[in-house]
Amino acid sequence: MDGKKRIVEITDLLNIYNYQYHVLDNPTVSDQEYDRLMTELLELEEKYPKFKLKNSPSVRVGNIIIDSFEKITHRYPMLSLSNAFDEADLERFQQRIFKEINTPNTFVCELKIDGVALSIEYKKGELFKAATRGNGIVGEDITENVKMIKSVPLELTENVDITVRGEIFMSKKSFERVNESRGLNEEQLFMNPRNAAAGTVRQLDTKVVAKRNLSAFLYQIVNPENYDLKNHSDSLKYLHKLGFKVNDKYRICKEIKEIFEYVNKYTEQRNELSYDVDGIVIKVDELSYYQTLGYTVRAPKWAIAYKFPAEEVETKLISIDFQVGRTGNITPVANLEPVRVAGTIVRRATLHNEDYIIDKDIRINDYVIIKKAGDVIPKVVKSLLDRRVKGSKKFKMIKRCPACNQEIIRNETEADYYCVNLECPKKKIEEIIHFSSRVAMDIDGLGDKLVEQLCNEKLLTEISDIYCLKDKFELLIEIDRLAKKRVTNLLKAIEESKKQSVEKLIFGLGIRHVGSKISKVLAENFGDLDKLISATPEQLIEIDEIGEAIASSLVDYFSKKNKKQVIEKLRIFDLNFKYLGEIKKTILISKVFVITGTLSHERKYYQELIEQNSGKVTGSVSKKTTYVLAGENAGSKLKKANDLGVKVIDEEQFLKMLK
């Protein structure tokens, strides 16, 4: 048999065997036979390289060293999911859906795999690009490493352009093997399978990835309507048809009690699975409702993630430290005897604040209950009073900052103590860590430990100093463990961060009460940082999501001389001050509408127009109502509007208002 024909024959055979083993979990050939055929294929491809096929399983052996992980902007954002923690939360979710669509619907329940989120793009049925979730907008290119995952097809069964989403994971069995190997080589062990999977997909050597036997479940098609799919469950079937590994434990539910049954079943059975799961994902099955239900800033409204109950364990509280946050808040932290909780070793846990410790009478040397749910920071729940040692002393809050020794204060309306020293070194470090974090300016490589090291070396004293590091290349490579390539990649990431949309910068500044969602709202409404800086409290409060506390905090921040100086330095370093998304229309800002009667479009059409232009829609007429948009047969709402003197407008007047 000639070499070309034999290469095609073995390639087809091995791809079938791979699919049966890694996707169907149903091997039909021995490991010895598989290895024999792979050896033969490698020899033939070396002898006849021009006949090697694109979908050759030899690609998965791994022979590429990656220089670094390039950034990829997702064409469609990878959103998070809102969380549910009990049956009441699930009931509220189901009721919200019914209220919006006002017709019976079905749900799909799926296991929430505890792994690394993945997006893969295929062109004409061939794997083109694969990326991590990153911050949901920008991820990292892990294409070569994903090719090493045998459950991910290099070539689909259909010649389609498609983008799919899923989760990379490491099975419990593979995790044990990897840690056993690392132990023999005296390497640090991975804490859990998710930690191992995350570390593996960011390996620069594809051979290492190939050896660790990662897997992936795919669960979503981007723009499923393009493939004539009507339901999410149809998407799962189509993914399987294309050759993807799809978790077969999903269930279609018509009633809330069926969702509860599914949740309870896997809450009890999760530890019996061969892979880690950390909850259940519940989605509306009918794709036609997705647009109607819509999205929040960070999550779709047609899906929710039920989190398994937090695991609680017992350990001993050895001592209490005090951490200084970026705003100067002082947080007591418990140092514990190491204990495994929810798959990780916990040595420290939050004690929240002085009131929390006193109310629960938590003391040093107590045996305590630790609780951790998913990625949430572990916390001390209570002390076991029956095991308390005699002579233990009640907790007393410190009086001075542990970093700068300045006296700390507590406002009457708050539970936290604060260090008000503007030059507190720990506050400066935490500010820079926050600024460079993934959820803020996303400066890859500038992690907590490196920031602290650079601050100690006096290379960083405030956030603007990050952009001076490009002139200190030689100093950086002299710092312990910083190789030239790492410094080069870090400086590249710093330059890239200048292009971030302004909401990332607003959040990165660390303004009190201003989280990532509020930063996005501010960017949408003001368009650029300079307009936000000059905004009055009245202008800020006009925005629906902005209250007096946030408005006051913003005005206070931008009025401080030292903050103004930092912002001006960032301007000189050419950071982007503009919002790169669609600026929110504010024609109807602070206007409150009630819609009533029969109109030429359904009410939701007008509600969306009003909300898109920053107006608000309520269900009942009151003195706070600005306009009643009335159609035919308006009824009691029209009468009440006339009684209260609220202005009534028709469709024509409303549309003129928008123009």
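Sequential numbering from 1 along the given sequence is applied to the chain's residues.
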Query raised in the report: Side chains of R348 and N335: donor-acceptor distance under 3.5 Å anywhere?
Result: yes
Query - Reference residue K504; test side-chain contact (heavy atoms from CB on, under 4.5 Å); the match among D442, I137, N135 - result: N135
**Report entry** Side-chain touch L127/P153, heavy atoms, less than 4.5 angstrom
**Finding:** no
Report task. Can you label the angle between the Y48 ring and the F51 ring as parallel, tilted or perpendicular, going by 30° and 60°? Result -> tilted
Report task. Output, in order, the C-alpha distance, side-chain angles, deciding distance and verdict of side-chain hydrogen bond (donor to acceptor under 3.5 Å, both in side chains) for R133 and S80. Result -> CA-CA 10 Å; R133 180 183 180 278; S80 304; 2.9 Å; yes
Query raised in the report: Between E121 and H74, is any side-chain donor less than 3.5 angstrom from a side-chain acceptor?
Result: no
Query raised in the report: Should E430 and K426 count as an ion pair when the cut-off is N to O under 4.0 Å?
Result: yes
Query raised in the report: Quick one: are K316 and V368 in side-chain contact, heavy atoms under 4.5 Å?
Result: no
Query raised in the report: Any side-chain heavy atom of R212 within less than 4.5 Å of one from Q203?
Result: yes
Report task. Look at the rings of F217 and F169 and say which category their plane angle falls in: under 30° parallel, 30 to 60° tilted, over 60° perpendicular. Result -> parallel
Query raised in the report: Are N365 and S392 linked by a side-chain donor-acceptor pair shorter than 3.5 Å?
Result: no
Query raised in the report: Do D444 and R202 sit within salt-bridge range, that is, some charged N less than 4.0 Å from a carboxylate O?
Result: yes
Query raised in the report: Would you say I364 and I318 make side-chain contact, with heavy atoms under 4.5 Å?
Result: no
Query raised in the report: Does any non-hydrogen side-chain atom of F308 lie less than 4.5 Å from one of V277?
Result: yes
Query raised in the report: Does the pair K129/D141 count as a salt bridge with the N-to-O cut at 4.0 Å?
Result: yes
Query - Side-chain donor-acceptor pair present, E272, Y266, cut-off under 3.5 Å - result: no
Requested in this report: From the options I10, L14, V8, select the one residue that forms a side-chain contact (heavy atoms from CB on, under 4.5 Å) with D12.
Outcome: V8
Query raised in the report: Is there a donor in the side chain of E144 and an acceptor in the side chain of T206, or the other way round, less than 3.5 Å apart?
Result: no
Query raised in the report: When you check the side-chain N and O atoms of N247 and Y275, is any donor under 3.5 Å from an acceptor?
Result: yes
Query - Shortest non-hydrogen separation from I304 to S82 and the atoms involved - result: CG1-O, 3.3 Å
Requested in this report: Considering only NZ, NE, NH1 and NH2 on the basic side and carboxylate oxygens on the acidic side, decide whether R36 and E33 come within less than 4.0 Å.
Outcome: yes
Query raised in the report: Are K112 and V281 side-chain neighbours, meaning at least one heavy-atom pair lies under 4.5 Å?
Result: yes
Report task. Keeping the roles fixed (side chain from N179, backbone from F190), state whether a donor-acceptor pair exists under 3.5 Å. Result -> yes
Query raised in the report: Got E87 and N264 here, is their nearest side-chain heavy-atom distance under 4.5 Å?
Result: yes
Query - Nearest heavy-atom neighbours spanning V451 and I429 - result: CG1-O, 3.8 Å
Report task. With side-chain hydrogen bond (donor to acceptor under 3.5 Å, both in side chains) as the test, would you mind laying out the steps for T28 and Q20 before giving the verdict? Result -> CA-CA 7 Å; T28 59; Q20 291 169 339; 2.3 Å; yes
**Report entry** Presence of salt bridge, E9 and R6, under 4.0 angstrom
**Finding:** yes
Requested in this report: Would you check if there is a donor-acceptor pair between the side chains of E45 and S56 at a distance under 3.5 Å?
Outcome: yes
Report summary line: V116 and V201 have their tightest heavy-atom pair at CG1-CG2, 4.3 Å
Query raised in the report: Between G508 and H434, which heavy-atom pair has the shortest distance, and what is it?
Result: O-CD2, 3.4 Å
Requested in this report: In plain terms, say whether E496 and K492 are close enough for a salt bridge, that is, a side-chain N and a carboxylate O under 4.0 Å apart.
Outcome: no
Query - Closest heavy-atom pair and its distance - T267, P309 - result: CG2-CD, 3.9 Å
**Report entry** Ion pair check, E261 and R251, cut-off under 4.0 Å
**Finding:** yes
Query raised in the report: Does a side chain donor of either S151 or S215 reach within less than 3.5 Å of an acceptor in the other side chain?
Result: yes
